[in-house]
There are 2 protein chains.
Amino acid sequence: MKDLIEFRADVLKAVAQSTRLKIIDFLRDGERCVCEIFPAIGEAQSNTSRHLKMMQSAGVLSRRKDGLKIYYAIKHPEILEVIDLVTDIVKQDIYGRHSLLKGA
Amino acid sequence: MKDLIEFRADVLKAVAQSTRLKIIDFLRDGERCVCEIFPAIGEAQSNTSRHLKMMQSAGVLSRRKDGLKIYYAIKHPEILEVIDLVTDIVKQDIYGRHSLLKGA
DNA sequence: GTACTATATGACTATATAGTCATAAATAAC
DNA sequence: GTTATTTATGACTATATAGTCATATAGTAC
């Protein structure tokens, strides 16, 4: 049976990919249906649907059905804190290291 | 060139795997050499070395050489906050969902 | 120099992942 | 019923990842 460490890895994996990070950023303002999400992030509907399902399975997104549409939302606000902390790390470390902030 | 979103994905990927989470947990108390890390987590030296290198490349670990030994440490304390937040999510959500807390 | 210790890496296998395209399933409107 | 809309999924390809084993590299002790 899966233990705590594997569940933690699953949640982290669910947010550790560019397309999924774009989805999460788009969901910051609240729930959105698939038909709003995939054009916003510039990915195919089928690929977007797979990523949404994956994040829901990991416990990162919630899913609500309303007629034809399926609305996804960020399930735990802590996920946004996680991403903001990682953004801090990147800005301190990697961005500096690669001199991407020449203009800043 | 890599953009902010890809660097964030790299950092998250660096912590989104069981073996690497074990390493990070072991490094909570401070820096350790490879010869201490791999027996502690129960992995082969070569595999441990690859994971350490990967985490250092992503900016998650620092590396210090002292004679024959290489000491790795958590570079940004925010990483531990990230993992603690994810642990909270798992305890709220996944652990509950899978009824692993029957005794709690 | 040799012998030993600690770490990294090349070559490989097996599995997982991201993405595409076509299509299925479910609901809505008529 | 038919048609249109929205989402999910099967089948597939290409790439990435985790791990193993043997060996190379770098430093220490003699």
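Just so we're on the same page: letters track the sequence lines, and every chain starts at 1.
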From [atom1] of [X] over to [atom2] of [N], roughly how many Å is that when rounded to an integer?
| X | N | atom1 | atom2 | value |
| --- | --- | --- | --- | --- |
| F38(A) | dG19(C) | CZ | P | 15 Å |
| K69(B) | dT28(D) | NZ | P | 12 Å |
| R63(B) | dA8(C) | CZ | C1' | 8 Å |
| K65(A) | dT7(D) | NZ | P | 11 Å |
| Q56(A) | dT9(D) | CD | P | 10 Å |
| Q17(B) | dA16(D) | CD | P | 17 Å |
| M55(A) | dA18(C) | CE | C1' | 13 Å |
| N47(B) | dT13(C) | CG | P | 18 Å |

Below 4.0 Å: OP1/OP2 of dT9(D) and any side-chain N or O of S46(A):
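So the side-chain polar atoms of S46(A) never come under 4.0 Å of the phosphate oxygens OP1 or OP2 of dT9(D).
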Phosphate contact (dT17(D) OP1 or OP2) by H51(B) side-chain N/O below 4.0 Å:
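No, H51(B) has no side-chain N/O under 4.0 Å of OP1/OP2 on dT17(D).
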Using a cut-off of 4.0 Å on non-hydrogen atoms, how would the nucleic acid contact of T48(A) be classed: base, sugar-phosphate, or nothing?
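Result for T48(A) = nothing.
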What does Y72(B) touch in the nucleic acid at a heavy-atom separation under 4.0 angstrom: a base, only the sugar-phosphate, or nothing?
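If one applies the 4.0 Å heavy-atom cut-off, Y72(B) turns out to touch the sugar-phosphate alone, with no base involved.
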Drop me the distance from K22(A)'s NZ to I37(A)'s CD1, to the nearest 0.5 angstrom.
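K22(A) NZ to I37(A) CD1: 14.0 Å, rounded to 0.5 Å.
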What I'd like to find out is whether the side chain of I89(B) reaches to under 4.5 Å of the side chain of R8(A), using heavy atoms alone.
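They are not in side-chain contact.
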Presence of salt bridge, D25(B) and R20(B), under 4.0 angstrom
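Judged by the 4.0 Å cut-off on N to carboxylate O distance, R20(B) and D25(B) do not form a salt bridge.
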On DNA chain C, does the nearest nucleotide to E36(B) precede the nearest nucleotide to K13(A) from the 5' side, or the other way round? Give the residue.
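Nearer the 5' end of the strand: E36(B).
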Pairwise 5' ranking along DNA chain C for T19(A) and C33(B), keeping only the more 5' one:
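Here C33(B) is the residue nearer the 5' end.
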Decide yes or no, distance alone: a donor-acceptor N/O pair under 3.5 angstrom between the base of dT20(D) and the side-chain of R50(B).
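Pair found.
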Row check, F26(A) ring normal vs R32(A) NZ/CZ: under 6.0 Å, within 45°:
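The answer is yes; both the distance and angle limits are met.
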Locate the shortest heavy-atom distance separating A58(B) from D10(B); write the atom from each residue and the value.
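In this case the closest contact between A58(B) and D10(B) is CB-O, 3.8 Å.
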